[in-house]
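Notes follow once the structure below has been shown.
A note on names: the letters A, B, ... follow the listed sequences, proteins ahead of strands, and every chain is numbered from 1. As a basis for the values below, the full set of heavy atoms in this structure was taken, side chains included, without hydrogen atoms, waters or symmetry mates.
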2 protein chains.
Amino acid sequence: MEEGTLKSPRHPTGTAPAPAPAAARCDYGDADPFQWDTREDCEVRQILDRIGDKWSLLVIALLDVSTLRFTELRREIDGISQRMLTVTLRQLERDGLVKRTVHPVVPPRVEYQLTPMGRTLHTTINALVIWTEEHQNQIAAAREEYDRRAATTP
Amino acid sequence: MEEGTLKSPRHPTGTAPAPAPAAARCDYGDADPFQWDTREDCEVRQILDRIGDKWSLLVIALLDVSTLRFTELRREIDGISQRMLTVTLRQLERDGLVKRTVHPVVPPRVEYQLTPMGRTLHTTINALVIWTEEHQNQIAAAREEYDRRAATTP
DNA sequence: CGGAATCCGGTCGGATACTG
DNA sequence: CAGTATCCGACCGGATTCCG
């Protein structure tokens, strides 16, 4: 691999959805799977951040099963605050992964569903989840051994 | 999907690798891809956290290309602090994804390489990366539109 | 019901300094 | 060279309050 240092920013997931920061340029074009990360703060990183954050995956998984209302999601996901559910949904909506539908009735009725792109993402994510399930025992064993050795040789 | 609330903790990625917190039980056994997230803080979440953290993916991608020394990694990954490189490598080693080899010479020579399991993880991750590359334009477009509408209707 | 706004504690991670 | 230890700022996310 040629040199050309790597860089990566931290999660932009703040309180506000961020007003489009001039769209950091970043053109790939190659097919080298080992080059994707040699760029600055590309879209790849942004999606990975979404994957890695606390609630997005759960929301995506649930919405892939069925369309749900705000409160239904809140009830289904134990422990999530309404703030984080709102923030998470706004991010997913902004990325075009979730469609938000407001029904003009009282009381308000807002429904969330995955977009087609959201569904393909969930499919891809599932591969990772399956990998994890298949290797969780191996990982747990590795951790135990590591911790054991770390404890015996301080 | 039957009810049964969800829950998810936050990254345990602290300064110390954490001394094995009694290993939170969590048995799957089923093959339902929509049930993986209905558990508490399972291994799934822990791996996802590793995926989502700032540097693990970059390290894994680089080590999948070739074995590297500490300083070589540091040089290759622009912007990483030696602290975070150490922390990241320790976590990956603890999970059995990276093998650390110390050569007893002076000056010290420590080499890092992916384990077979680490390689399979990288393969799986690449699927996600490819998905992102394929959809980054669509995502960028969705964001632009979202921001545009958010700006015109405050 | 479905949020938005504010406050605030716990972490994540960078900078720096010190070892073997 | 390959770390470890400490300090500390940034920000992620929970709790709470208020609104249409």
Side-chain angles (χ1 to χ4, degrees), chain A residues 7-18 41 45-46 48-59 67-93 98 100-112 150 153-154, chain B residues 7-18 41 45 49-59 67-93 98 100-112 150 153-154:
Chain A
K7 186 178 287 186
S8 174
R10 181 139 176 61
H11 301 205
T13 313
T15 300
D41 36 4
R45 181 37 62 178
Q46 318 222 344
L48 257 4
D49 287 344
R50 199 72 78 253
I51 305 300
D53 77 11
K54 199 175 176 180
W55 304 107
S56 292
L57 256 53
L58 273 54
V59 171
T67 297
L68 290 173
R69 299 177 59 179
F70 186 88
T71 306
E72 292 173 338
L73 276 169
R74 182 148 169 50
R75 202 174 14 237
E76 207 76 43
I77 306 178
D78 178 58
I80 195 172
S81 60
Q82 76 285 48
R83 190 179 97 83
M84 285 318 294
L85 180 54
T86 301
V87 171
T88 301
L89 286 169
R90 288 296 172 276
Q91 290 172 338
L92 295 176
E93 186 193 0
V98 162
R100 176 170 177 268
T101 309
V102 182
H103 297 88
V105 296
V106 296
R109 178 181 186 88
V110 181
E111 293 188 326
Y112 294 92
T153 58
Chain B
K7 185 176 289 184
S8 173
R10 180 136 176 63
H11 300 206
T13 313
T15 300
D41 37 3
R45 184 33 64 178
D49 288 344
R50 198 73 76 253
I51 304 300
D53 77 12
K54 198 175 179 183
W55 302 109
S56 292
L57 256 53
L58 273 55
V59 170
T67 296
L68 289 173
R69 300 177 57 178
F70 186 88
T71 306
E72 291 173 338
L73 276 169
R74 182 148 169 49
R75 203 176 12 239
E76 207 78 43
I77 306 177
D78 179 59
I80 195 173
S81 60
Q82 75 285 48
R83 190 180 97 81
M84 285 318 295
L85 181 53
T86 301
V87 170
T88 301
L89 286 169
R90 288 296 172 278
Q91 289 172 338
L92 295 176
E93 186 193 0
V98 161
R100 178 171 177 267
T101 309
V102 183
H103 297 87
V105 296
V106 299
R109 179 181 185 86
V110 181
E111 294 190 326
Y112 292 92
T153 59

Under the side chain to side chain contact (heavy atoms under 4.5 Å, CB included) criterion, do A/Lys54 and A/Ile80 qualify, and how do the steps go? CA-CA 9 Å; A/Lys54 199 175 176 180; A/Ile80 195 172; over 6 Å; no
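- The side chain of B/Pro108 sits closest to C/dG20 out of D/dA5, D/dG13, C/dG20.
- From A/Thr67, atom OG1 reaches atom CD of A/Glu72 across 9.5 Å, with rounding to the nearest 0.5 Å.
- When the C1' atom of C/dG13 is taken as reference, atom CH2 of B/Trp55 falls 9 Å away, rounded to whole Å.
- Here C/dG2 presents its P atom at 14 Å from CD1 of A/Ile80, a figure rounded to the nearest Å.
- Checking D/dG3, D/dC1, C/dG2 against the side-chain heavy atoms of B/Arg100 singles out D/dG3 as nearest.
- Taking atom CG of residue B/Leu85 and atom P of nucleotide D/dT4, one finds them 11 Å apart after rounding to whole Å.
- In this structure, of C/dG2, D/dG14, D/dG3, it is C/dG2 that holds the atom nearest to the side chain of A/Val110.
- Here the side chain of A/Arg90 is nearest to one of D/dG14, C/dG3, D/dC1, namely C/dG3.
- Between A/Met84 atom CE and D/dT16 atom C1' there is a gap of 16 Å when expressed in whole angstrom units.
- Atom CD in B/Gln82 sits about 15 Å away from atom P in C/dG13, given to the nearest Å.
- Relative to the side chain of A/Asp53, the nucleotides D/dG13, D/dT17, C/dG14 differ in distance, and D/dG13 lies closest.
- Counting only heavy atoms from C-beta on, B/Lys54 has its side chain closest to C/dG13 among C/dG13, C/dA5, D/dT17.
- For D/dC1, neither phosphate oxygen OP1 nor OP2 lies less than 4.0 angstrom from any side-chain nitrogen or oxygen of B/Tyr112.
- Spacing between atom CD of A/Gln91 and atom P of D/dG13 amounts to 8 Å, rounded to whole angstrom units.
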Take A/Trp55 and A/Leu58 through the side chain to side chain contact (heavy atoms under 4.5 Å, CB included) test and state the conclusion after the steps. CA-CA 5 Å; A/Trp55 304 107; A/Leu58 273 54; 4.0 Å; yes
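- Rounded to whole Å, the distance from CZ on B/Arg74 to C1' on D/dT4 is 14 Å.
- Proximity note for B/Thr71 (side chain, C-beta onward) versus C/dA17, D/dA2, D/dT16: the nearest is D/dA2.
- For the pair B/Leu89 CG and D/dC1 P, the computed distance is 16 Å after rounding to whole Å.
- Counting heavy atoms from C-beta on, the side chains of A/Leu57 and B/Arg45 come closer than 4.5 Å.
- Contacts of B/Thr86 with the nucleic acid, taken as non-hydrogen atoms under 4.0 Å apart, include base atoms.
- Rounding to the nearest 0.5 Å gives a distance of 11.0 Å between CE of A/Met84 and CD1 of A/Ile77.
- An OP1 or OP2 oxygen of D/dA2 is reached within less than 4.0 angstrom by a side-chain nitrogen or oxygen of B/Arg69.
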